[in-house]
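In what follows, every chain begins at residue 1, and chains take the letters A, B, ... in the order their sequences are listed. The basis for the numbers below is simple: all heavy atoms, side chains too, and nothing from hydrogens, waters or symmetry mates. Remember, predicted model here, so these are calculated numbers, not experimental data.
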Protein chains: 2
Amino acid sequence: MSKSNNHGHAAEHAYHAIKGRLLRNEWPDGTYLRETELAESLGVSRTPVRDALRRLAVEGLVETIPNAGTRVRGWNAQDLDEIFGLRSLLEGYAARLAAQRLSEEEIGELRTLCEEMEAIVARGSEDRSRREALAPLNERFHTLILQGSRNGRLAQMTRQVVSIPLVLRTFTRYEPEEIRRSMSHHREMVEAFAARDPIWAESIMLAHLQAGFAVMKRNQANPTG
Amino acid sequence: MSKSNNHGHAAEHAYHAIKGRLLRNEWPDGTYLRETELAESLGVSRTPVRDALRRLAVEGLVETIPNAGTRVRGWNAQDLDEIFGLRSLLEGYAARLAAQRLSEEEIGELRTLCEEMEAIVARGSEDRSRREALAPLNERFHTLILQGSRNGRLAQMTRQVVSIPLVLRTFTRYEPEEIRRSMSHHREMVEAFAARDPIWAESIMLAHLQAGFAVMKRNQANPTG
DNA sequence: ATCGTGGCTATTGTATACAACTTAGACAAT
DNA sequence: ATTGTCTAAGTTGTATACAATAGCCACGAT
C-alpha cells in the first residue's frame, strides 16, 4: 500500500522537482518563476512552493526580489571564477583534512571507485553515455572525501557551491587526453591519502579542479564543439 | 506620513527579532521554538515566523526536525573547531584577494578604523564598555576586507560562519596584552594591504583569528573569569 | 509489575482567503 | 511628443482554517 497521502512531503517534493528542472536548464536565465504556476504544475499549494524557492535562493540557484518574484539566476564569467575559487578552496581543505582522517576502509572504497571509472573509460563507449556512467562515480568520489574531512559544515558548504556548476556540466566535452589526466588525478589522490600526506592530497585536488575548470572554460568559449 | 501598515516586513522583522534573541543567548540549547508562541510574541502570524526559522536553520543557529519543531542549536568543542577552521580558511582567502583588489580609499578607511580602535583602547575604560565600543568597529574592519575581496559569495558564506561564534563573544575576556596584540594585527594587516602583498595579508589574518580563537578557548575552559 | 495499546492533545505541514504592493498601459496635460 | 498620473490586473506577502502527524498519559491485559 502506498501512503494514503503525500502529507509532510510536499515542500520536499517541490524542492527537488524545481531544483531538477533548474539543473536541467529548463528555464532561460532571468525567467520569473511564478508561485501559482509552479504550484499548479506540481499539484500542491503555494505554501510549499514558496518554501522550496527560499531554499533554492539560499543555494544561489535563483534570486528572490521582494514583492516582485523569484527568478532564475544566470552566471557570467566572473561568477564562474568566484565559484571555482571557492570550490577549490573548500575541496582543497577537505582533501587536506581527509588525508589525516579517512579510514582505511574509505580509502579502499576510493580505490575501487578509481578502478570502476577506469574500466568505463577503457570500454571506450560513446562520449555522452560514458559521461553519464562516469558522473555518479565521480560524484561519489568527491563526496567520500568531503565526508572524510569529518567537518559537516565544510561538506554542506561545498555542496552548496558545487551545485551551481552542475548546470553547466551537460555542455562540457572532455578530450581523451583530459579524461586520462582526470583518472590519473584520482589515482594519485588515493595514493596521497594512503600515504597520509595532507599537502600532497590538497595539491593534487587543486590541480584536478583547476584542470576541470580549464576544460569548462574552453567549452564556454566554443559552445558547440 | 508613516506607512499605514507594516505589510511586507513581517518576515524580515521576525527574522531579526528571533536572531537577536538567539545571539543574546536568551534560550538554553535545545529549547524548542514554538511557532505559535513566537508569532504571538511578535504580533504576526505563523507564516512569517516559519520563514524566519527556515532562514536561521540554514545559518545553523537552529535546527529543524521534521514534524517535531525547530530548536536552538548548541555547540561543543568539536563544533567550535570546525567553525574556526572554516572561518580562518574563508577570511584568510578574503584577505589574500583583498590585498590585490582593495581601493586606496578602502585601505584609508581601514587605517582610520585602526586609529579609532586604538583611541578607545588608549582611553582605558572598563572592560565591558570597551568591548561594546570596539565590537562595531572591529566588525566594520572585517566586513570591509570581505567586500574588498570582490567575491560576493565568499562574503556571504563567511557571514554565515561568523554569526555563530558571535553568540559566545559576550563571555570572552581579553587581557591587556591580548588587546594590544589584536590592535597590532590590524595595523599590520593594513600595511600588508598597502604593500599589495597577498601572502603577508593572509598570514597575518590567520594569526589574528588564531589568537582570537585561543582567547575564546581559554574562556570556555574557565567560564567565569 | 510491566508491557502493549489506544486515544488525546499539542504542534507542525498544507491549503486557501485576503490585503497590499508592483508594474504596465491608457489617457490627459503641458 | 513627452511626461505625469491614475487605474487595473497580476503577483507576492500575510493571516487563518484545516489536515495529519508525533508524543504522552492513562488504562488494561498478561
Side-chain angles (χ1 to χ4, degrees), chain A residues 1-22 26-73, chain B residues 1-22 26-73:
Chain A
M1 284 0 123
S2 72
K3 277 189 286 198
S4 62
N5 224 329
N6 287 352
H7 258 81
H9 290 322
E12 199 73 5
H13 170 59
Y15 169 77
H16 288 295
I18 298 171
K19 183 168 183 173
R21 298 181 68 174
L22 284 169
E26 294 191 16
W27 294 291
D29 295 349
T31 308
Y32 274 91
L33 267 31
R34 295 305 175 191
E35 297 174 358
T36 311
E37 205 176 327
L38 288 173
E40 283 177 8
S41 93
L42 295 169
V44 298
S45 79
R46 276 178 55 212
T47 310
V49 169
R50 281 175 68 83
D51 236 68
L53 289 178
R54 291 292 152 78
R55 286 173 64 183
L56 292 166
V58 169
E59 293 182 29
L61 289 171
V62 299
E63 61 185 336
T64 298
I65 297 151
N67 282 320
T70 101
R71 55 184 194 176
V72 179
R73 186 160 171 185
Chain B
M1 282 11 125
S2 75
K3 277 187 287 200
S4 62
N5 223 332
N6 286 354
H7 267 291
H9 286 39
E12 199 73 6
H13 170 59
Y15 169 77
H16 287 295
I18 298 171
K19 183 168 182 172
R21 298 181 69 175
L22 284 168
E26 294 191 16
W27 295 290
D29 294 349
T31 307
Y32 274 91
L33 267 31
R34 295 305 175 190
E35 297 173 357
T36 311
E37 206 175 326
L38 288 173
E40 283 177 7
S41 93
L42 295 168
V44 298
S45 79
R46 277 177 55 212
T47 310
V49 169
R50 281 176 68 85
D51 234 70
L53 290 177
R54 292 290 151 78
R55 285 174 64 183
L56 292 166
V58 169
E59 293 183 30
L61 289 171
V62 299
E63 61 185 335
T64 298
I65 296 151
N67 282 320
T70 100
R71 55 183 195 176
V72 179
R73 185 160 172 185

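Across all non-hydrogen atoms, the minimal contact from B:Ala52 to B:Ala11 is CB-O, 4.2 Å. Contact record, A:Arg46 with A:Thr36: CD-OG1, 3.9 Å, taken as the closest heavy-atom pair. Counting all heavy atoms, side chain and backbone alike, A:Ala14 lies closest to A:Pro48 at CB-O, 4.1 Å.
For the 3.5 Å distance criterion, the side chains of A:Tyr32 and A:Glu37 fail to qualify, holding no donor opposite an acceptor.
Residue A:Glu12 contributes atom CD, which lies 18 Å from atom P of C:dT12 at whole-angstrom precision. In this structure, A:His9 places its NE2 atom 14 Å from P of D:dA20, rounding to the nearest Å. A straight line from OH of A:Tyr32 to P of C:dA24 spans 9 Å, rounded to a whole angstrom.
With sequence neighbours excluded, the residues that form a side-chain hydrogen bond (donor to acceptor under 3.5 Å, both in side chains) with B:Glu63 are B:Arg71.
Counting heavy atoms from C-beta on, the side chains of B:Leu56 and B:Leu22 come closer than 4.5 Å.
Atom CG in A:Leu53 sits 4.5 Å away from atom CD1 in A:Ile18 (nearest 0.5 Å). The CZ atom of A:Arg55 lies 15.5 Å from the CZ atom of A:Arg50; values are rounded to the nearest 0.5 Å. The structure places CG of A:Leu61 at 5.5 Å from CD of A:Glu59, a figure rounded to the nearest 0.5 Å. For the atom pair CZ of A:Arg21 and CG of A:Leu33, the computed distance is 8.0 Å after rounding to the nearest 0.5 Å. Between atom OG1 of residue A:Thr64 and atom CZ of residue A:Arg73 there is a gap of 10.5 Å, rounded to the nearest 0.5 Å.
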Atom pairs under 3.5 Å: protein N/O with N/O of nucleotides 5-11 of chain C:
| from | atom 1 | to | atom 2 | distance (Å) |
| --- | --- | --- | --- | --- |
| C:dT11 | O3' | B:Arg34 | NH1 | 2.8 |

Can you pull every protein N or O that's under 3.5 Å from an N or O on nucleotides 5-7 of chain D?
none

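Contact check on B:Asp51 versus A:Arg54 returns a salt bridge, with a Lys/Arg side-chain nitrogen under 4.0 Å from an Asp/Glu carboxylate oxygen.
When the local axes at the two ends of the helix from C:dA1-D:dT30 to C:dT30-D:dA1 are compared, using 5 base pairs at each end, they differ in direction by 10° after rounding to 10°.
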Can you list, pair by pair, the side-chain donor-acceptor contacts under 3.5 Å of residues 38-45 of chain A, counting residues two or more places apart and other chains?
| from | atom 1 | to | atom 2 | distance (Å) |
| --- | --- | --- | --- | --- |
| A:Ser41 | OG | A:Leu38 | O | 3.2 |
| A:Ser45 | OG | A:Thr47 | N | 3.3 |

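Taking every heavy atom of residues 46-64 of chain A and every atom of DNA chain D, pairs under 4.0 Å involve A:Arg46, A:Arg50, A:Arg54, by number.
In terms of position on DNA chain C, the residue among A:Pro66 and A:Val44 whose nearest nucleotide sits closer to the 5' end is A:Val44.
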